[in-house]
Amino acid sequence: MLICIPDVLDAAAVARCRTVMARAPWQDGRATAGAQSSAVKNNLQIPAEAPESAELGELILGALGRNALFISAALPKTILPPMFNRYGPGQTFGVHVDNALRVVPRTGERLRTDLSMTLFLTDPDDYDGGELVIETAYGAQEVKLPAGHMVLYPSTSLHQVRPVTRGERVSSFFWLQSLVRDEGARTMLFDLDQTIQELQAEHGPLFPAAVRLAGLYHNLIRRWAEV
Ligand code: NI
């Protein structure tokens, strides 16, 4: 499931990110790429250990913690600290798949990347190219979202960032391990949760069928969650 989550950050928070990023140190994006990715990656990143990464990461994770759509879709167990990249004219990230395992910097714990996220921090009018193209079972999906919006997609997908041809594309990218490993199970839980919310909005929170479905939802989480 590929899902766009609107308004993760409001305009003021996006502006804050851009201000802090403007004074951050930048390094070659290949610093964190595996061997295959290195060959096709050409962008800049803020080092994970830079204080700017930590400050903005906290801002983004705080916003995601309050975002019901994100929590319903991702069922996050552990989220890696957000990272930040930028692509100027001619820069690109060719077709690749993200590493399956990553290390959580503060704890040294290993995390399985179930879901990948890109939070757009530049308005689409400010640059040409730079589309995130994700291969799905239904063909390639092109994603280029307004600043403050985020796309969430399975880390198993092949994807690329098309070359930027004008302006600069700035974004945050990161990964999470979900409580529910299986993509199909997670997608069904999301559909069920959204259906329960629709029923509750229409008939009230105590509508008996919604209560029974909520019971079913939690029992499926009991069955499928790794905690
Ligand atoms: Ni990637």
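Keep in mind that this is a model prediction, so the values were computed, not measured. First listed ligand is number 1; within each ligand, the first listed atom is number 1.
Among residues two or more places apart in sequence or in another chain, the side chain to side chain donor-acceptor pair (under 3.5 Å) test is passed with Q91 by N42.
The number of protein N, O or S atoms lying under 2.8 Å from the Ni ion (ligand 1) is 3.
Looking at T136 and L2, their side chains come closer than 4.5 Å, going by heavy atoms from C-beta outward.
Contact record, L176 with L111: C-CD2, 4.3 Å, taken as the closest heavy-atom pair. Shortest non-hydrogen contact noted between S157 and V97 is O-CG2, 3.8 Å.
W224 and D182 are not linked by any side-chain donor-acceptor pair at a separation below 3.5 angstrom, with hydrogens and angles left out of the test. Side-chain contact, N85 with S171: a donor N or O sits under 3.5 Å from an acceptor N or O.
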